[in-house]
Amino acid sequence: MTDAFGAFNRTFARGFLTGRTALVTGSSSGIGQAMARGLALAGAKVMLHGIEAPEQAETARAAIAVESGVEVAYLNGDLSQPDCIAALIGKTEARLGPPDILVNNAGVQHVAPIEDFPDAKWDLIAAVNLSAAFHTTKAVLGGMKERGFGRIINTASAHGLVASPFKSAYVAAKHGIVGLTKATALEGAAFGVTANAICPGYVWTPLVEKQIPDTARARGIGEEEVVRDVMLGDQPTKAFVTVEECAALCVYLCSGLAGSITGAALSIDGGWVAR
Ligand code: NAD
C-alpha cells in the first residue's frame with residue numbers, strides 16, 4: 001500500500017509554506033488579516049496591507065510576527081490609485097522577495113438603490129474590488145510563471161455568484177473578479193500557477209457591521225431585522241461564516257495538494273448559493 005497520506009501530512013505540517021512570500025491586500029482587518037495569519041503560521045513571509053496608517057496596523061503586525069516566527073511587514077496604500085499598486089508590489093519584492101502567493105482581498109461596500117447610488121461609490125468599488133486585482137495580478141503573474149509556482153486567491157463573495165438588491169456595484173465587481181479568476185487560471189495553468197476565487201457568505205467583520213444601518217435604511221426595516229432576515233436569512237446555517245474558516249481555505253489552496261484546483265469559485269457561505 002502506498003503512503004498516500006505522507007504527502008498530506010507533509011503538506012499540513014506547520015511550516016509547509018516556509019520560503020514562500022505572500023502578499024495579502026486588505027489584511028489590516030477582517031478576513032484578510034485571518035488569511036495573512038494563517039499563511040504566516042504555515043511558514044510564509046507575509047506582507048500585510050491596508051488603507052490605514054502603519055501605526056494603526058502595528059499591533060496586529062507584531063502579534064502575527066511573534067506568533068508565527070516569520071517576517072511580517074505592513075504597507076499601506078489606496079488600491080484605487082494604480083501608482084499605489086505599483087509601489088505596493090515593488091516594495092513587497094524589495095522587502096520580502098517576489099510574491100509566490102497573492103491574495104486580492106481588499107474590498108469596500110456601499111448599499112443604496114441604483115437610482116440613488118453615488119457615481120463616486122460605483123467608481124471606488126469597481127477600482128478597489130475589481131481593477132486593483134487585475135493590476136496586482138498583471139504585476140506578479142509573469143514572475144510566478146517563470147518560477148513555475150504561484151497561487152492567486154481572489155476574495156470574491158457569494159455576491160460573485162448571485163445578486164442582492166441595493167448592492168449593484170459590489171455585485172458587479174464580485175461577478176467581475178470571478179471572471180478575472182477564470183481567465184488568470186487558464187493563463188497560469190501550464191506554469192504551476194493556480195487562481196481561485198473564495199466566495200464567502202456573510203462574515204462578521206467591520207465591512208459587514210458598517211453596512212447594517214444603510215441596509216436598514218434601503219429596505220425600510222430595523223437593524224436587528226437586517227441581521228436576522230437579510231444577512232442570516234440568506235444563510236441556511238443561520239450563522240455567520242468565520243474569518244478562520246476563510247483563512248483555512250486560503251491556506252489549503254496554497255498547498256501542493258491543491259494544485260489541480262484552479263479557476264474555481266469556492267463557496268463558503270453556509271449553503272446560501274445552494275438554493
Ligand atoms: P474589512 O472592512 O474588515 O477589511 C477591508 C480591508 O480592505 C481593510 O484591510 C482595508 O484597509 C482595506 N481597504 C479598504 N479600502 C481600501 C482601499 N481604497 N485601498 C486599499 N485597501 C483598502 O472587510 P472584510 O469583511 O474582511 O472584507 C474583506 C474582503 O472580503 C472584501 O473583498 C469583501 O468584499 C469580502 N467579503 C466579505 C464578506 C463579509 O461578510 N465580511 C463576505 C464576502 C466577501
Side-chain angles (χ1 to χ4, degrees), residues 23-38 46-57 60-61 64 74-89 103-111 120-121 123-133 135-136 153-164 167 169-178 180-181 197-212 215 226-227 230-232 234-235 237 239-247 249-250 265-270 272-273:
L23 166 60
V24 185
T25 71
S27 47
S28 55
S29 78
I31 296 169
Q33 188 169 107
M35 288 174 163
R37 183 179 171 200
V46 173
M47 180 58 79
L48 297 167
H49 158 268
I51 202 163
E52 297 80 5
E55 314 80 84
Q56 290 171 270
R61 188 210 63 77
I64 295 172
Y74 174 82
L75 286 170
N76 68 337
D78 181 350
L79 295 185
S80 68
Q81 307 299 319
D83 288 356
C84 277
I85 299 174
L88 174 64
I89 302 293
V103 184
N104 288 305
N105 171 79
V108 286
Q109 174 64 287
H110 186 77
V111 181
K121 289 287 185 192
D123 291 343
L124 178 70
I125 291 171
V128 176
N129 295 18
L130 177 58
S131 297
H135 293 301
T136 54
I153 295 166
N154 295 324
T155 306
S157 166
H159 283 121
L161 303 171
V162 296
S164 293
K167 295 185 174 178
Y170 189 84
V171 168
K174 294 300 188 183
H175 275 67
I177 205 166
V178 170
L180 172 66
T181 305
I198 292 181
C199 299
Y202 282 101
V203 188
W204 190 261
T205 67
L207 180 137
V208 157
E209 260 181 278
K210 278 186 250 165
Q211 67 186 270
I212 292 173
T215 303
V226 170
V227 173
V230 179
M231 296 179 167
L232 298 184
D234 281 331
Q235 292 188 183
T237 51
F240 284 95
V241 178
T242 70
V243 296
E244 291 80 8
E245 289 168 338
C246 297
L249 181 54
C250 170
L266 298 161
S267 292
I268 176 162
D269 65 3
W272 174 352
V273 305

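Position 1 is the first residue of the sequence; numbering continues from there. Both counts, for ligands and for their atoms, begin at 1 and track the order of listing. What you see is a predicted model; the values in this text were computed from it and never measured.
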*N76 backbone acceptor or donor facing H49 side chain under 3.5 Å*: no
_Taking the side chain as everything from C-beta on, heavy atoms only, tell me whether I198 gets closer than 4.5 Å to C250._
yes
*Hey, does I212 have a side-chain heavy atom less than 4.5 Å from the side chain of M231?*
yes
*Give a yes or no on whether the backbone of G50 and the side-chain of Y74 come within a donor-acceptor separation of less than 3.5 Å.*
yes
_Mutual orientation of the aromatic rings belonging to Y202 and W272 [parallel < 30°, tilted 30-60°, perpendicular > 60°]_ = parallel
*Any donor-acceptor pair under 3.5 Å linking the side chain of N154 with the backbone of A156?*
no
*Who are the residue neighbours of ligand 1 when the rule is a heavy atom under 4.0 Å from any of its atoms?*
G26, S27, S28, S29, G30, I31, H49, G50, I51, E52, G77, D78, L79, N105, A106, G107, V108, V128, T155, A156, S157, Y170, K174, P200, G201, Y202, V203, T205, P206, L207, V208
